[in-house]
Amino acid sequence: MSKILITSALPYINGVKHLGNLAGSMLPADVYARAMRLMGHEVLYICATDEHGTPAELAAQAAGVDVGQYCTQMHEEQKAAGAQFKLTFDYFGRSSTPSNHALTQHFAHVLEENGLIEERVSQQVYSNADGRFLPDRYVEGTCPNCDFEKARGDQCDNCGKLLDPIDLINPYSSVSGSTDVEVRDTNHLYLKQSDMADKLRDWVNAAEGWPPLATSIALKWLDEGLRDRAITRDLKWGIPVTNKDGSVREGFEGKVFYVWFDAPIEYIAASQDWAAETGNDWESWWRTDNGKGDKDGEGVQYVQFMGKDNVAFHALSFPTTLIGSGEPWKLVDHIKAFNWVTWYGGKFSTSEKRGVFMDQALDIAPSDYWRWHLTANAPEGNDAAFTWEEFQASVNSDLANVLGNFVNRITKYCGGKFEGKVPAGGEPGEAEAWLVAELETRIPQLVSYYEAREFRKAMAETRAIWAAGNEYLTQAAPWTHYKTDVEQAAIGVRYGLNLVALFGVLAQPIIPDAADKILSAMNIPEDNRTWNFGDIANIVEALPIGHEISAPDVLFAKIEDTDVADWTERFGGGA
RNA sequence: GGUGGGGUAGCUCAGCUGGUUAGAGCGCAGGACUCAUAAUCCUGAGGUCGUGAGUUCAAGUCUCACUCUCACUACCA
């Protein structure tokens, strides 16, 4: 048993997340956390809302509420959505908490003491009408390259050219539409990532168990030459830039730290909040000194889950913060990066309302359906296409037919012929030997896929185990034997019931609601639901003779073609 | 523009350091069974592995060119 620290990239506060966000960080992290817990590991799974930045301020403004209130409200909504998807965070924090303020400021101080922070002046567009500096993206104007009139300050959507907002013709604020904008000097703190490039490269090269996606993105940035990054912004909402005594740093009134500086620090701060609320010790997870944490290679394994857009920040910027502090912080061991879930050829998009969002998803199907489909089709190697037809197919085939029907057929048969009790008798034969051999190869394989965080493969293996149950019943055919030899029928039923229990146990990380229904119907006590498989040959005889079971209600209602047609209409997918 | 992924059966995807007849699921066709949510099980059809060259005894797997597509490109997060 070991300690496994798990974090999902922090969902941004601005609105309910879509299924792409869920599938690319929170859901796989939860599946992994659950599996690791079942294997007996000590797990700390941390997530939080990322609450700072311009979009949060603007969204609050648009909603006509104070930004703090807005964030509180959205935090509660996201927390509720996560709970409805059965995400088992040990703690779901907020990046705007006092703990994160203090820790972020602490890091800035020690980084500056170590010579890794420098104050520089840059030019930024200021909007008089809005009374604020504008990020490049929020300045629009005519593209100097192609004359497109709604080019953004960072890139023209029409010709794709990268732009500097200063180059735009007739620039205006995309917030208010005002053309009363000007370029002003502004001073900011820069994190000297370039000084850390060699150390980071060594660290990335030494990393093991990262998907190629993560390593290649990190090395790409290093190869292109790591640039120093501004870690402050001209905003009111955020973490103030302070001196060590807590007073505001001179010249940094009206400025706060950049969200990307404070967001990863929130992983630690949220752990502190978790510890404070639960009486646990956060340092044993995050510090490598004093015999705590990762000392001597034992102890904590830290795994981060994120979409590919987050890799640079987690593989380079955040490590720069931690290593640069000179303090004994735990660095990530495994970065699990995902591609995108695509939606009928394009990306899910919050702003364009393309795709399905977490709250809508639960209106149309139970969380188990989504958990299964999105994990079995996780965008691990490539972007993964989401279609309603595929969703319907995997739910109906995998969940309803292969798993649900298996549970249903054998439990009902047991109820009808054996009074709902695990029957004794019968001699194991060819079918039983085949089944045991199947389990002996597949279960260890499944465990190793989980350990390697290969989600698609783990799901395929899980499904194969379920399918083996159906094949076993075909071979054992208790309904045939029952006519001539009840004992021979009994062993088929008994093995079948033990498989139901096993399937429930294996399903827990993925489809927790259905797993619980199965295990409850099988009368399996809570402490017998772990993944301590021991001798796999014993699994098929684990239930005591005479143990009472019941047939659960239909576990998975099928998705009808009419549902697909309806959803296609409502959500604009298809074609 | 630059960089990095991809382009493998009708669909969604596996294929590690090159090595016998290229795999899975879905879908499709045929068969079996009847305990079960018309579910399940078996068998089968179906691919010149984006295009064109090259290296090699041997390439989906390496090299080059071309093409299509997606992402990233540091002030959205």
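Keep in mind that this is a model prediction, so the values were computed, not measured. Below, chains carry the letters A, B, ... as their sequence lines are ordered, and counting in each starts from 1.
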For nucleotides [N] and [M], find the distance between their [atom1] atoms and express it as a whole number of Å.
N	M	atom1	result
B:C76	B:U67	C1'	32 Å
B:U56	B:G10	C1'	35 Å
B:G46	B:A9	C1'	6 Å
B:U8	B:A14	C1'	10 Å
B:A71	B:G60	P	30 Å
B:A53	B:U61	P	14 Å
B:A77	B:C72	C1'	14 Å
B:G4	B:U55	P	26 Å

Give the nucleotide from the list [options] with an atom nearest to the side chain of [X].
X	options	answer
A:Asn377	B:U12, B:C75, B:C26	B:U12
A:Asp309	B:C76, B:C13, B:A77	B:A77
A:Tyr190	B:C75, B:A71, B:U37	B:C75
A:Lys412	B:A36, B:C72, B:C13	B:A36
A:Trp479	B:C76, B:U34, B:U37	B:U34
A:Asn470	B:A77, B:U37, B:C41	B:C41
A:Arg409	B:U34, B:A39, B:U40	B:U40
A:Asp136	B:A77, B:C75, B:A71	B:C75
A:Ala400	B:U37, B:A77, B:C41	B:U37
A:Asp154	B:C26, B:C76, B:A74	B:C76

Would you kindly check whether a donor in the side chain of [X] faces an acceptor in the base of [N], or vice versa, at under 3.5 angstrom?
X	N	value
A:Ser122	B:C75	yes
A:Asn405	B:A36	yes
A:Glu471	B:C41	no

Between the main-chain N or O of A:Gly425 and the side-chain N or O of A:Arg494, is there a donor-acceptor pair closer than 3.5 Å?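 Looks like yes, one N/O pair under 3.5 Å.
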Are [X] and [Y] close enough that their ring centres sit under 6.0 Å apart?
X	Y	result
A:His373	A:Phe386	yes
A:His314	A:Tyr267	yes
A:Phe318	A:Phe313	no
A:Phe338	A:Trp340	no

Using heavy atoms to find the nearest nucleotide of RNA chain B for A:Glu390 and A:Lys558 separately, return the residue whose nucleotide is more 5′. A:Glu390
When the nearest nucleotide of RNA chain B is assigned to A:Asn401 and to A:Asp398 on a heavy-atom basis, which residue is associated with the more 5' position?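 Result of the comparison: A:Asp398.
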With heavy atoms under 4.0 Å as the rule, sort A:Ala557 into base, sugar-phosphate or nothing. nothing
Determine the contact category for A:Trp340: base if any of its heavy atoms lies under 4.0 Å from a base atom, sugar-phosphate if only primed atoms, P, OP1 or OP2 are that close, otherwise nothing.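 It contacts sugar-phosphate atoms only.
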Evaluate the criterion salt bridge (charged side-chain N to carboxylate O under 4.0 Å, His left out) for residue pair A:Asp398 and A:Arg463; output intermediate values, then yes/no. CA-CA 7 Å; A:Asp398 302 341; A:Arg463 198 202 116 96; 2.5 Å; yes
Could you tell me which nucleotide pairs with [N] by Watson-Crick or G-U wobble geometry, both distances under 3.5 Å, or answer none if nothing does?
N	answer
B:G25	B:C11
B:G19	B:C57
B:A39	none
B:C72	B:G2

A:Tyr413-B:C35 aromatic stacking (under 5.5 Å, under 30°): no
The ring pair (Phe, Tyr, Trp, His ring centres under 6.0 Å) partner of A:His52 among A:Trp260, A:Trp237, A:Phe261, A:Phe257 is A:Trp237
